[in-house]
Protein chains: 2
Amino acid sequence: MKRVSIKDIAKQLNISITSVSFVINGRAKEKNISDALTKKVLDLVAKLNYQPNTLATSLRTGKTRIIGFLVDDISEPFFSGIAKRIDEIASELGYKILFSSTRNDTTKAIELLQIFKDRHVDGYIMALPEGLEDEVKKLIATDAPVVLFDRYVQDVQADYVIINNKESTALATAHLIDNGYKNIAFITVDSVQLQMLDRLAGYEETIAKHQLHPFVKKINYSTSATTIKEMAEFFNANKNLDAVIFGANYITLDGLRTFRAMGMRIQKDLAVVSFDDFEILEFCDPPVTAIAQPLEAIAENIMKTLMEKLKQTSADKKYSEVVVPTIFNIRESSAKVKA
Amino acid sequence: MKRVSIKDIAKQLNISITSVSFVINGRAKEKNISDALTKKVLDLVAKLNYQPNTLATSLRTGKTRIIGFLVDDISEPFFSGIAKRIDEIASELGYKILFSSTRNDTTKAIELLQIFKDRHVDGYIMALPEGLEDEVKKLIATDAPVVLFDRYVQDVQADYVIINNKESTALATAHLIDNGYKNIAFITVDSVQLQMLDRLAGYEETIAKHQLHPFVKKINYSTSATTIKEMAEFFNANKNLDAVIFGANYITLDGLRTFRAMGMRIQKDLAVVSFDDFEILEFCDPPVTAIAQPLEAIAENIMKTLMEKLKQTSADKKYSEVVVPTIFNIRESSAKVKA
DNA sequence: CTGAAAGCGCTTACAG
DNA sequence: CTGAAAGCGCTTACAG
């Protein structure tokens with residue numbers, strides 16, 4: 001059962017493969033192919049269920065309609081949620097996605113990028129892994145369509161889809177202040193990642209504006225165990241705290257573990273706000289207020305940006321930056337302080 | 001900056017592309033190519049950083065070294081965990097994975113399968129979606145390498161990687177009985193999926209063996225809200241229950257929601273065991289005992305099975321069935337009944 | 001031991 | 001309005 005090829009179609013109709021190709025690619029009108037012939041071709045294509053060989057098309061055109069997607073860990077809910085939606089949109093547009101996880105291994109990330117190149121992907125979507133800045137700059141220099149998301153790297157000029165980190169933590173901080181909290185801590189990681197610095201800045205500026213005292217703890221992240229220890233020491237050293245904001249999902253997780261280890265009760269002992277929302281927060285007692293990243297909106301903006309990029313010629317090089325607003329889900333963990 | 005091709009190598013060395021091709025594909029010895037020439041070729045390949053064009057190779061050989069992976073929802077932790085490990089193994093072996101989510105939509109699933117075919121994937125890995133039985137049977141009939149996992153479909157002859165469902169729930173039930181529980185409920189979905197029936201059977205047989213009374217509730221799954229309602233009614237109608245086993249992760253989630261809605265306390269009011277383990281269970285108060293599916297082992301067995309399948313000729317058609325054992329994580333939610 | 005050539009299945013510049 | 005032919009970059013049967 002051999003697949004039908006364009007040759008079979010041409011032969012059966014006694015015409016050239018050129019004409020068949022034009023009809024199939026919707027260029028019949030443009031190429032002045034008669035309506036009668038066009039119809040005959042389309043009918044036979046339908047009858048034989050002819051599907052062009054994508055490999056041949058790709059070899060000829062250099063386009064694969066495949067997009068490479070590179071993140072730290074595809075099994076993280078944030079990334080897999082985005083991956084799912086991106087894949088859906090891509091499928092609708094006739095594209096497919098190759099997903100890969102770098103596991104925070106720069107060497108591996110470079111290899112994976114090379115694999116994408118070897119596979120002739122048409123475009124790249126990445127949460128830029130550390131150490132890949134130069135590689136990606138080179139890639140962009142070759143006019144490869146690249147869309148970066150999640151993290152912004154000042155040094156790398158590219159199209160970005162990010163969230164409004166600073167405004168989000170500013171809003172969260174103001175919310176806690178409104179609800180009567182005065183000694184609010186911000187726990188983050190000791191990182192130069194811009195999005196983490198922005199989150200911190202949103203907190204610090206709001207605290208300053210209200211003339212409150214800032215309590216910032218920068219965790220030196222390695223394992224969960226050491227993080228819990230660091231957090232416990234911080235909480236013990238600052239007994240006057242009445243609220244805490246955790247700067248990212250994994251920090252929140254270890255924060256909750258610290259609560260458990262120290263026998264601290266959410267809200268009753270310390271109000272809690274989490275940057276990043278996830279299912280566990282709904283099951284906490286009481287449920288935890290969170291800044292949610294809108295996965296679908298992020299995914300849709302990534303694809304929109306990339307599709308525009310794919311249409312562009314290298315002449316009009318211009319980088320876009322889409323800022324997607326987060327959603328603030330207020331739950332009981334940040335409830336008003338009782339008078 | 002054009003890519004170097006096999007022609008460039010041949011031209012620079014004044015030899016035929018045939019020889020270059022043989023050397024590159026490691027068939028120099030077999031083809032009696034002199035060591036001197038082999039070395040010259042390899043040196044130039046290294047110097048020019050020549051990478052064969054995968055598209056041309058694929059067109060010529062019909063092999064793409066791409067594998068299609070089809071599941072309900074790639075953003076579910078179970079699937080994304082497996083996807084991650086599969087992708088890693090595949091990358092090491094020179095394969096790439098195309099992931100897709102069917103979203104429980106049969107029409108879409110058939111389309112996605114067609115896309116895989118159009119892309120000439122070398123093999124398929126699927127948690128068989130409902131309604132795709134016939135399509136997959138046809139696919140297998142064409143000798144396409146197909147590995148199914150997660151769910152077993154009696155009607156579909158194929159290679160399978162599954163877990164020991166029945167033994168797992170039998171063990172969990174025995175554990176509860178050992179710990180002094182007598183009125184143990186099993187909550188599952190009203191489904192003909194074999195793995196769900198096996199889980200139920202493991203419970204029922206163990207209950208019968210100990211001459212206890214079975215309490216089985218089959219949820220007519222639609223939304224979370226209706227499920228919670230059904231569960232609440234079931235709990236209210238069986239006030240004598242002292243333990244419950246939830247038959248799958250999403251059932252556990254709605255079970256925990258029901259606990260919350262009814263103000264029931266885990267273990268104190270009702271002991272709990274979950275089929276499937278996930279992060280939330282660690283954060284429950286007290287933490288919930290769970291049957292964990294070993295994602296890595298499942299992924300590794302899937303890839304092993306598939307790679308063997310890819311080596312096989314259509315002559316030796318034989319289907320394998322790998323049963324991966326689950327891991328029983330005992331936590332406080334099933335603690336011994338106090339005397 | 002090595003090479004010329006056909007062919008995988010397309011697209012497209014060119015010719016008429 | 002339509003077609004013959006080159007070529008994308010490989011692999012491999014065949015010849016010598």
Side-chain angles (χ1 to χ4, degrees), chain A residues 1-42 44-45 48-66 94 117-122, chain B residues 1-42 44-45 48-66 94 117-122:
Chain A
M1 200 181 80
K2 224 173 128 290
R3 269 179 80 108
V4 279
S5 79
I6 196 168
K7 241 191 240 170
D8 302 322
I9 307 274
K11 202 172 287 172
Q12 287 201 34
L13 293 176
N14 250 314
I15 58 174
S16 75
I17 59 169
T18 308
S19 302
V20 179
S21 175
F22 286 149
V23 171
I24 287 165
N25 291 307
R27 301 174 60 192
K29 280 266 178 297
E30 170 194 340
K31 291 293 174 178
N32 289 319
I33 294 182
S34 69
D35 288 355
L37 186 56
T38 303
K39 185 171 173 348
K40 276 210 289 192
V41 172
L42 291 178
L44 189 58
V45 162
L48 299 183
N49 192 24
Y50 166 69
Q51 304 276 8
N53 184 319
T54 51
L55 298 171
T57 308
S58 292
L59 176 59
R60 191 48 237 243
T61 61
K63 301 289 170 206
T64 53
R65 298 187 83 81
I66 289 182
K117 280 188 220 160
D118 287 348
R119 295 277 183 180
H120 292 85
V121 300
D122 288 350
Chain B
M1 198 182 78
K2 222 173 130 289
R3 268 180 82 106
V4 279
S5 79
I6 195 168
K7 243 191 239 167
D8 302 323
I9 307 275
K11 202 171 285 169
Q12 288 201 35
L13 293 176
N14 250 314
I15 58 173
S16 75
I17 60 170
T18 307
S19 303
V20 179
S21 175
F22 286 148
V23 171
I24 287 166
N25 291 307
R27 302 175 60 193
K29 280 268 177 294
E30 168 194 346
K31 291 292 174 182
N32 290 318
I33 295 183
S34 69
D35 287 356
L37 185 57
T38 302
K39 185 170 172 355
K40 277 209 291 191
V41 172
L42 291 178
L44 189 58
V45 162
L48 298 182
N49 191 24
Y50 166 69
Q51 303 277 7
N53 183 318
T54 52
L55 298 172
T57 307
S58 293
L59 176 59
R60 190 47 236 242
T61 62
K63 301 290 169 207
T64 52
R65 297 186 85 80
I66 289 181
K117 281 188 221 163
D118 288 348
R119 294 280 184 177
H120 293 84
V121 299
D122 288 349

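Note on naming: letters A, B, ... go to the chains in the order of the sequence lines (proteins, then strands), and numbering restarts at 1 for each one.
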Nearest to the side chain of [X], heavy atoms from C-beta on, is which of [options]?
X       : options               : value
A:Leu37 : D:dT2, D:dT11, D:dA5  : D:dT2
A:Thr61 : D:dG3, D:dC10, C:dT11 : C:dT11
A:Asn53 : C:dC10, D:dG3, C:dC8  : C:dC10
A:Leu59 : C:dC10, C:dG9, D:dC10 : C:dG9

Between [atom2] of [N] and [atom1] of [X], the distance in whole Å:
X        : N      : atom1 : atom2 : answer
B:Ile17  : C:dA4  : CD1   : P     : 9 Å
B:His120 : C:dC10 : NE2   : P     : 9 Å
A:Ile24  : D:dT2  : CD1   : P     : 15 Å
B:Lys63  : C:dC8  : NZ    : P     : 16 Å
A:Ile6   : D:dA5  : CD1   : P     : 17 Å
B:Arg60  : C:dC10 : CZ    : P     : 15 Å
A:Leu13  : D:dT2  : CG    : P     : 12 Å
A:Glu30  : D:dT2  : CD    : C1'   : 15 Å

Compare side-chain N and O positions of [X] against OP1 and OP2 of [N] and report whether any pair is under 4.0 Å apart.
X       : N      : value
A:Ser16 : D:dG3  : yes
B:Tyr50 : D:dC10 : yes
A:Lys7  : C:dC8  : yes
B:Arg27 : D:dT12 : yes

Would you indicate what [X] reaches in the nucleic acid, counting non-hydrogen atoms under 4.0 angstrom: base, sugar-phosphate, or nothing?
X       : value
A:Ser21 : base
A:Leu55 : nothing
A:Thr18 : base

(request) Name the residue closer to the 5' end of DNA chain C, choosing between B:Ser34 and A:Pro52 according to the nucleotide with the nearest heavy atom. (result) B:Ser34
(message) Nearest heavy atom decides the nucleotide; on that basis, is A:Ser19 or B:Asn14 closer to the 5' end of DNA chain C?
(response) B:Asn14
(message) On DNA chain D, compare the nucleotides closest to A:Ile15 and B:Asn25; which residue's is nearer the 5' end?
(response)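 The residue closer to the strand's 5' end, by nearest nucleotide, is A:Ile15.
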(request) Taking the side chain as every heavy atom from C-beta outward, state whether B:Gln12 and B:Leu48 have any pair of such atoms under 4.5 Å apart. (result)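 B:Gln12 reaches B:Leu48 side chain to side chain.
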(request) Test side chain to side chain contact (heavy atoms under 4.5 Å, CB included) on B:Tyr50 and B:Ile6 and set out the steps. (result) CA-CA 8 Å; B:Tyr50 166 69; B:Ile6 195 168; 3.7 Å; yes
(message) Only pairs with both distances under 3.5 Å count, Watson-Crick or wobble alike; so what is the partner of C:dC14 in this structure?
(response)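 C:dC14 is paired, partner D:dG3.
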Nearest non-hydrogen partners of [X] and [Y], listed with the distance:
X       : Y        : value
A:Ser58 : A:Thr64  : OG-CA, 3.5 Å
A:Leu55 : A:Asn53  : N-OD1, 2.7 Å
A:Gly62 : A:Asp122 : O-OD1, 4.2 Å
B:Ile66 : A:Arg119 : CG1-NH1, 3.5 Å

(request) Between D:dT12 and C:dC1, how far apart are the P atoms? Round to whole Å, please. (result) 22 Å
